[in-house]
Amino acid sequence: MVALLYNRTSNTLLSSSLRIKQLVSFCVEKGYKAVGIADTNVLYGAMELYHLCESSGIKPLYGLEISVTIDSEKYPYVLYARNNAGYQELIELSTALNDDLDVVSPEHLDRYKNLITIEIENRGYLEHIINTEDNSALMEYVRRYANRDDFYIGLSSPLNNNYYRNLNDRITRFAMQNHLQTVAMPLSLYATKEDAESYKVLKAIRLQTSVNDSKFSYETDSHLLAQQDIYDLYDAMSVNNTDMIINDCNVDLGEMPKANLPKFITPEGVDSKTYLKSLCLAGLKKRFEGRKYPDSYSNRLNYELKIITEMNYEDYFLIVWDLILFSRRNNIYVGVGRGSAS
């Protein structure tokens with residue numbers, strides 16, 4: 001069994017035009033049994049992947065693309081969750097990367113015990129030390145990663161690229177000699193060959209340049225590949241190791257704990273429904289300054305409250321009201337709002 005493991009989706013802003021729905025549909029059409037996503041620093045697409053794969057009979061794999069700093073240089077890595085605990089570790093790492101974590105070192109990754117680590121050889125660290133013939137670094141690399149079942153060297157796509165075809169051969173020989181594992185990791189940034197042009201424009205927007213700039217370049221041949229393409233481009237060990245990762249990753253988002261809305265503490269223990277209605281009626285009376293208001297207003301208010309209570313959103317509206325009330329009492333600007341209530 002083979003899988004596409006290095007799929008950056010449109011959830012990585014301006015860095016891919018590949019939609020998760022396109023990805024899953026392609027995998028169904030081409031007979032894939034599993035598929036993974038690995039967006040840069042974020043997990044926004046995980047739930048969409050879960051639902052689409054569940055309805056399509058495909059196994060979802062949840063990954064995260066990050067940069068790891070070695071000797072002051074950043075190198076691409078992809079991390080895949082092996083189980084639900086691993087997915088929680090991805091959440092923790094993603095949160096830190098989007099907060100204040102600027103540098104991730106190999107030692108930092110060692111604290112995560114439920115992840116598969118894949119070092120990507122597209123401007124990767126092993127590529128660098130092989131090309132520079134840094135023997136001490138190569139020896140340290142082997143000492144650190146040999147005979148580990150949670151570490152793989154991700155081979156970039158050699159499609160129409162002699163450099164990566166030769167590099168993959170060199171890395172594969174090095175891996176076999178030193179008890180390291182390689183895995184096929186072609187990068188997908190858009191769905192079809194024809195989509196390369198739209199991706200080109202997308203990247204130019206991200207870089208704030210023109211597609212006609214002589215210095216501008218973009219990733220060609222980063223479209224989705226059929227299974228036969230994978231078999232044709234990679235050695236048997238690297239292809240078979242995609243199957244190893246598929247079997248090793250078993251996350252079920254349906255079993256993950258869900259966030260619950262806090263219960264709003266009302267005065268004198270009155271229920272939230274009654275308290276919300278009393279606030280709304282008070283607000284309506286305030287706006288008419290003691291004058292009788294038309295029945296249409298009362299009917300509309302009752303209709304809105306009925307919808308809110310049927311959805312059990314009373315506490316949500318009370319929490320938002322409390323935040324706005326605090327802000328206004330403390331001279332904190334509050335916008336007019338156009339949120340989910342509308």
Side-chain angles (χ1 to χ4, degrees), residues 3-27 32 34-56 58-69 74-106 108-120 150-152 154 183 185-191 202 206 222 224 242 245-246 248-261:
L4 295 172
L5 297 176
Y6 194 12
N7 304 299
R8 190 186 301 157
T9 78
S10 54
N11 288 292
T12 304
L13 187 63
L14 298 180
S15 294
S16 169
S17 64
L18 179 62
R19 294 182 174 87
I20 295 176
K21 188 173 183 179
Q22 288 178 305
L23 175 62
V24 174
S25 296
F26 177 87
C27 290
Y32 284 100
V35 65
I37 59 172
D39 282 307
T40 305
N41 294 349
V42 298
L43 295 163
Y44 302 150
M47 191 55 69
E48 182 182 1
L49 181 70
Y50 167 72
H51 288 299
L52 287 172
C53 285
E54 188 176 45
S55 62
S56 302
I58 291 179
K59 183 176 181 178
L61 287 76
Y62 306 98
L64 190 68
E65 182 183 37
I66 67 169
S67 293
V68 173
T69 301
K74 291 184 180 293
Y75 299 98
Y77 279 61
V78 168
L79 310 175
Y80 267 104
R82 303 176 89 165
N83 46 40
N84 285 11
Y87 186 75
Q88 294 281 11
E89 290 175 349
L90 289 185
I91 291 174
E92 177 187 327
L93 183 56
S94 175
T95 301
L97 287 167
N98 286 282
D99 186 12
D100 58 1
L101 181 62
D102 295 323
V103 175
V104 178
S105 66
H108 184 103
L109 293 181
D110 287 343
R111 72 181 65 175
Y112 300 110
K113 305 302 182 183
N114 298 282
L115 301 178
I116 287 174
T117 300
I118 305 172
E119 187 213 324
I120 304 299
D150 63 346
F151 180 83
Y152 293 84
V183 63
M185 291 288 282
L187 172 62
S188 301
L189 299 172
Y190 39 88
L202 194 71
R206 174 166 60 86
S222 288
L224 296 171
T242 66
I245 292 174
I246 293 169
D248 201 14
C249 292
N250 297 285
V251 176
D252 186 353
L253 292 190
E255 295 180 352
M256 299 290 284
K258 303 295 189 296
N260 293 314
L261 190 70

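These numbers were taken from a predicted model, which means no experiment stands behind them.
- Annotation: Lys21, atom NZ; neighbour count of heavy atoms from other residues, nucleotides and ligands within 6.0 Å does not exceed 12.
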Could you walk me through whether Tyr190 and Gln22 pass side-chain contact (heavy atoms from CB on, under 4.5 Å), step by step? CA-CA 9 Å; Tyr190 39 88; Gln22 288 178 305; over 6 Å; no
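- Residues Pro60 and Val251 are not in side-chain contact: their nearest non-hydrogen atoms beyond the backbone lie 4.5 Å or more apart.
- Heavy atoms only, all atoms of each residue included: Leu5 and Met185 are closest at CB-SD, 3.5 Å.
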List the steps, then state whether side-chain contact (heavy atoms from CB on, under 4.5 Å) holds for Leu101 with His108. CA-CA 11 Å; Leu101 181 62; His108 184 103; 3.9 Å; yes
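- The minimum heavy-atom distance linking Ala38 with Val78 is given by the pair CB-CG1, 3.9 Å.
- The main-chain N or O of Arg82 is never found under 3.5 Å from a side-chain atom of Asp248 such that the two would form a donor-acceptor pair.
- To the nearest 0.5 Å, atoms CG (Asp150) and CG (Asn114) are separated by 10.0 Å.
- The distance from the NE2 atom of His51 to the OG atom of Ser56 is 12.5 Å, given to the nearest 0.5 Å.
- Closest approach of Leu253 to Ala46, counting heavy atoms only: CD1-O, 3.7 Å.
- Donor-acceptor pairing under 3.5 Å is recorded for the side chains of Tyr6 and Glu65.
- Taken from CG in Leu64 to CG in Leu115, the straight-line distance is 9.0 Å, to the nearest 0.5 Å.
- Two residues are said to be in side-chain contact when any heavy atoms from C-beta on lie closer than 4.5 Å; Asn250 and Asn83 fail this criterion.
- In this structure, the side chain of Lys113 engages the main chain of Asp110 through a donor-acceptor pair within 3.5 Å.
- Counting only heavy atoms from C-beta outward, the side chains of Leu224 and Leu18 approach each other to under 4.5 Å.
- Looking at heavy atoms from C-beta onward, Leu79 lies in side-chain contact with Leu109 at the 4.5 angstrom threshold.
- Panel note: side chain Ser16, backbone Arg8; a donor-acceptor pair is recorded below 3.5 Å.
- Of the inter-residue distances, the one linking Ile91 atom CD1 with Met256 atom CE reads 5.0 Å to the nearest 0.5 angstrom.
- Side-chain atoms of Arg19 and Ser25, non-hydrogen and from C-beta on, never get closer than 4.5 Å to each other.
- Tyr112 OH: more than 12 foreign heavy atoms inside a 6.0 Å radius.
- Between Gly86 and Ala81, the closest heavy-atom pair is C-CB, 3.5 Å.
- Side-chain atoms of Cys249 and Ile116, non-hydrogen and from C-beta on, do get closer than 4.5 Å to each other.
- Side-chain atoms of Asn98 come within 3.5 Å of backbone atoms of Ser94 as a donor-acceptor pair (strictly under, hydrogens ignored).
- Distance check, rounded to the nearest 0.5 Å: CD1 of Ile118 to OH of Tyr80 gives 6.5 Å.
- Atom CG of Asn7 sits about 11.0 Å away from atom OG1 of Thr12, to the nearest 0.5 Å.
- For Thr69 (side chain) and Val103 (main-chain N/O), no donor-acceptor pair under 3.5 Å exists by modelled atom type.
- At least one side-chain heavy atom of Ile20 sits less than 4.5 Å from a side-chain heavy atom of Asn11.
- Checking side-chain atoms of Asn84 against main-chain N and O of Asp252 turns up a donor-acceptor pair under 3.5 Å.
- A pairwise comparison of heavy atoms in Ala34 and Ile58 identifies CA-CG2, 3.6 Å as the closest pair.
- Ring planes of Tyr87 and Tyr62: perpendicular class, angle over 60° (limits at 30 and 60°).
- Contact between Cys27 and Leu4 at its shortest, heavy atoms only, is SG-CD1, 4.3 Å.
- Within the 4.5 Å cutoff, side-chain heavy atoms of Val35 are placed close to those of Leu49.
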